[in-house]
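Residue numbers begin at 1 in each chain, while the letters A, B, ... track the order of the sequences.
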Number of protein chains: 2
Amino acid sequence: MKNTVRKSVRRKGAAITIDDVAVLAKVSPMTVSRVMNGHSKVRDATRERVMEAVRELGYIPNLAASSLAAAQDARIALIYTNPSGGYLRELLLGALRGAARTAAQLVIDNWDELDVGAERVAARALANSVAGVILPPPLCESKVVIEELVNAGVPVVAIAAGRFNHDISSVRIDDFIASKEVTEHLLRMGHKRIAFIKGHPNQTASTRRYEGYQAALKDAGIPLDPALVQQGYFTYRSGLDTVERLLSLRQPPTAIFASNDDMAAAAISVAHRRGLDVPRDLSIMGFDDTSAATTVWPELSTVRQPIASMADSAIDILLRSIRRKDNDTKVVVDHVVAHQLIKRDSVAPPVARKTRG
Amino acid sequence: MKNTVRKSVRRKGAAITIDDVAVLAKVSPMTVSRVMNGHSKVRDATRERVMEAVRELGYIPNLAASSLAAAQDARIALIYTNPSGGYLRELLLGALRGAARTAAQLVIDNWDELDVGAERVAARALANSVAGVILPPPLCESKVVIEELVNAGVPVVAIAAGRFNHDISSVRIDDFIASKEVTEHLLRMGHKRIAFIKGHPNQTASTRRYEGYQAALKDAGIPLDPALVQQGYFTYRSGLDTVERLLSLRQPPTAIFASNDDMAAAAISVAHRRGLDVPRDLSIMGFDDTSAATTVWPELSTVRQPIASMADSAIDILLRSIRRKDNDTKVVVDHVVAHQLIKRDSVAPPVARKTRG
DNA sequence: ATGAAAGCGCTAACAA
DNA sequence: TTGTTAGCGCTTTCAT
């Protein structure tokens with residue numbers, strides 16, 4: 001019949017704290033803290049004892065307390081525009097995971113309706129309220145936003161920006177190589193007339209992907225046919241329009257490489273409406289491997305860009321430079337991660353066609 | 001030339017704290033706290049002064065500190081399986097917003113690969129590590145998961161469960177009414193042969209939607225044709241198969257009502273492949289209004305289920321019952337929110353058809 | 001209506 | 001290698 005020791009006037013929950021563990025393991029709370037955080041300077045025997053107590057009590061550290069104490073509670077913003085399809089979902093999932101892992105506080109915001117002036121104002125306000133910012137395209141290429149943020153000394157990481165901009169850190173794949181590989185894959189299947197649907201012109205990644213396509217053709221000794229290159233905008237709608245045009249050509253392509261999955265999905269739709277079989281009559285490839293790629297029939301061959309883990313990494317990078325903030329060295333890194341060619345069902349060798357005339 | 005008062009050995013950032021505001025506003029930190037939290041007992045003049053200081057300093061409260069002090073730092077889990085399309089994205093966005101608003105700590109997890117035994121184990125572990133759980137379908141109908149969680153006394157809220165289960169709270173729309181309205185919309189347009197694609201049989205919402213369809217037909221005096229009712233599974237793929245069957249009927253439907261947007265999108269795809277124009281030759285309606293609805297052409301008429309704000313509400317409900325945990329009264333609520341019929345381009349009156357024979 | 005004191009659970013710095 | 005002390009920024013309780 002032991003009395004509950006009321007340590008204080010307050011104390012709400014009966015949650016297990018570091019002190020409980022410390023008592024059971026017969027060490028100081030500090031040692032428990034060290035064990036939990038993987039600090040090396042703890043004797044193995046001690047560590048074992050602590051872990052045992054942790055397990056027995058089902059102890060889970062209070063993130064709020066630890067961030068507060070460690071002054072590590074960084075507020076990180078993820079600002080997006082154009083919530084294009086599965087892209088945002090991946091982004092969120094990754095950022096969330098990173099935030100949970102590091103006890104960072106994630107602030108998500110949408111700046112869809114902002115003009116340049118409003119963007120500047122918003123960026124300035126943002127700079128005052130967060131310790132770091134994650135910028136997916138197309139925001140990661142907004143001069144005013146970056147300028148405001150950088151001037152305010154807020155570390156920024158651009159996700160999937162297409163290229164490294166030395167002002168801010170970036171996490172990206174090599175869009176050029178990836179795109180080249182896609183084209184080469186199509187080439188290897190025997191395609192000669194490969195159309196390309198460009199992405200939104202305001203994004204560098206679009207350019208890089210186009211360059212990859214060009215490079216592959218050049219390597220293969222195939223001249224680029226301007227009629228086969230169409231300007232898209234990463235939207236499903238723009239895919240619809242451009243593919244219409246492509247398939248109305250007197251000499252239509254046997255394969256279409258769209259700069260993202262949404263436009264590739266649109267290509268399938270148009271092909272079907274015209275009575276074409278995919279991939280028999282027309283091969284189609286996308287880019288990104290978002291959920292759109294597997295929500296169409298046939299499923300899209302595409303390039304996997306690991307958005308989620310890229311967002312996760314972005315948080316690490318941000319946190320590193322936030323904590324180093326005392327030093328005067330500005331840390332800007334360019335983190336290039338591996339992409340992966342995903343072969344599904346939207347690509348096949350071209351069938352021999354009756355030639356006109 | 002005043003000296004910086006180094007309050008302590010530590011102190012990392014130069015973040016603005018409640019004390020800074022208090023000094024500027026010439027009040028105690030406590031009053032600032034009250035103003036920030038909207039407590040009523042503050043004189044208007046005082047409140048004004050504080051707000052002024054807050055604005056001038058750009059003060060933003062430290063969530064970690066406030067949750068710690070208020071002992072309000074609840075860890076809330078959102079467990080999902082079947083990351084079906086835009087659904088998860090909405091869910092995340094809403095939950096995130098709610099978590100940020102309330103300083104709850106969100107834990108996201110995927111239980112896709114778990115069998116019943118593993119689910120039970122996972123649920124038990126979960127019960128020990130979080131203060132509340134949000135369960136979207138189909139998990140919100142898992143007997144073992146709910147049982148473990150409820151037995152452990154962890155408050156749970158089911159999102160979009162289709163009906164209220166008195167063991168746990170729920171946030172949902174009225175699937176029956178919504179579905180009835182969809183069918184009535186189709187009926188009003190003049191359709192008589194309306195096919196229905198059921199959702200996954202393991203989800204009550206599927207049943208409710210089917211019942212709404214039946215009720216509308218009955219009210220209109222139209223007998224239900226079993227051939228027009230197909231079993232789907234909420235996946236794009238299942239939509240493909242069922243619509244194939246539907247359109248191969250000797251007397252095909254003039255309209256298809258799919259239990260979610262993914263299957264409706266599949267319907268469009270199949271229609272196009274068969275050379276049918278949507279909506280001229282075939283009207284199609286979806287359900288949920290996820291991103292899939294606007295990532296197809298023509299854009300889908302559908303029912304908007306406000307998943308994001310439902311997730312947001314779920315956090316409130318959870319928090320309320322977590323804080324009330326001291327009391328012995330268990331709080332279980334059924335929160336039904338409004339849905340909305342969204343008319344876009346996939347529905348039109350049926351064209352007169354040549355009758356056979 | 002406002003303030004003072006105390007402490008939420010944890011960890012950085014320093015000491016031993 | 002381990003413990004002690006002080007305090008992160010905020011809100012509770014209690015006093016005024």
Side-chain angles (χ1 to χ4, degrees), chain A residues 5-23 25-50 54 57 59-75 102-103 105 131 323 326, chain B residues 5-23 25-50 54 57 59-75 102-103 105 131 323 326:
Chain A
V5 183
R6 282 227 138 215
K7 232 177 27 192
S8 77
V9 214
R10 297 159 80 189
R11 181 176 265 278
K12 287 285 160 59
I16 298 193
T17 75
I18 201 170
D19 294 287
D20 300 328
V21 178
V23 169
K26 299 191 208 304
V27 294
S28 76
M30 199 51 233
T31 299
V32 177
S33 169
R34 281 192 266 254
V35 170
M36 293 304 288
N37 294 286
H39 282 232
S40 39
K41 310 297 192 125
V42 178
R43 198 178 302 153
D44 279 357
T46 315
R47 176 192 313 280
E48 217 22 83
R49 219 151 17 99
V50 171
V54 166
L57 261 25
Y59 168 64
I60 294 177
N62 180 324
L63 270 188
S66 90
S67 357
L68 182 59
Q72 283 183 166
D73 62 304
R75 208 188 320 256
T102 60
Q105 181 185 327
R323 289 182 197 155
D326 330 302
Chain B
V5 183
R6 280 230 138 212
K7 233 177 26 191
S8 78
V9 213
R10 298 157 81 188
R11 180 177 263 279
K12 288 284 160 59
I16 295 182
T17 75
I18 201 171
D19 294 285
D20 300 328
V21 177
V23 168
K26 298 190 208 307
V27 294
S28 76
M30 201 47 238
T31 299
V32 177
S33 169
R34 280 192 268 255
V35 170
M36 294 304 288
N37 295 287
H39 283 232
S40 39
K41 308 298 193 126
V42 178
R43 199 179 302 154
D44 278 357
T46 315
R47 177 192 311 283
E48 216 24 82
R49 218 147 21 96
V50 171
V54 166
L57 260 27
Y59 168 64
I60 294 178
N62 180 323
L63 271 187
S66 82
S67 357
L68 181 59
Q72 283 183 166
D73 61 305
R75 207 188 323 255
T102 60
Q105 181 185 329
R323 290 185 194 152
D326 331 303

Proximity to the side chain of [X] - top-ranked nucleotide from [options]:
X     : options               : answer
B:L68 : C:dG9, C:dT11, D:dT1  : C:dG9
A:I18 : C:dT2, C:dT11, D:dC10 : C:dT11
A:A69 : D:dT11, C:dG9, D:dT2  : C:dG9
B:M30 : D:dC10, C:dG9, D:dT11 : D:dT11

Inter-residue atom distance B:N62.CG - A:L68.CG, 0.5 Å rounding: 6.0 Å
In whole Å, what is the span from the [atom1] atom of [X] to the [atom2] atom of [N]?
X     : N      : atom1 : atom2 : value
A:L57 : C:dG9  : CG    : P     : 14 Å
B:R34 : D:dT13 : CZ    : C1'   : 11 Å
A:D20 : C:dC10 : CG    : C1'   : 13 Å
A:D19 : C:dT11 : CG    : P     : 11 Å
A:K26 : D:dG3  : NZ    : P     : 13 Å
B:Y59 : D:dC10 : OH    : P     : 3 Å
A:N37 : C:dC10 : CG    : C1'   : 9 Å

Using OP1 and OP2 only, check whether a side-chain N or O of [X] sits under 4.0 Å from [N].
X     : N      : result
A:T46 : D:dT1  : no
A:T17 : C:dC8  : no
A:T31 : D:dG3  : yes
B:N62 : D:dC8  : no
B:S33 : D:dC10 : no

Across the strands shown, which category fits A:S28 at heavy-atom distances under 4.0 angstrom: base, sugar-phosphate, nothing? base
Any side-chain heavy atom of A:V27 sitting closer than 4.5 Å to one from A:V50? yes
4.5 Å side-chain heavy-atom contact, B:K26 and B:R49: yes
Run through B:D20, B:V23, B:I18 and flag the one making a side chain to side chain contact (heavy atoms under 4.5 Å, CB included) with B:V32. B:I18
Taking all heavy atoms of A:V42 and all of A:R47, pick out the closest pair and write down the distance. O-NH2, 3.6 Å
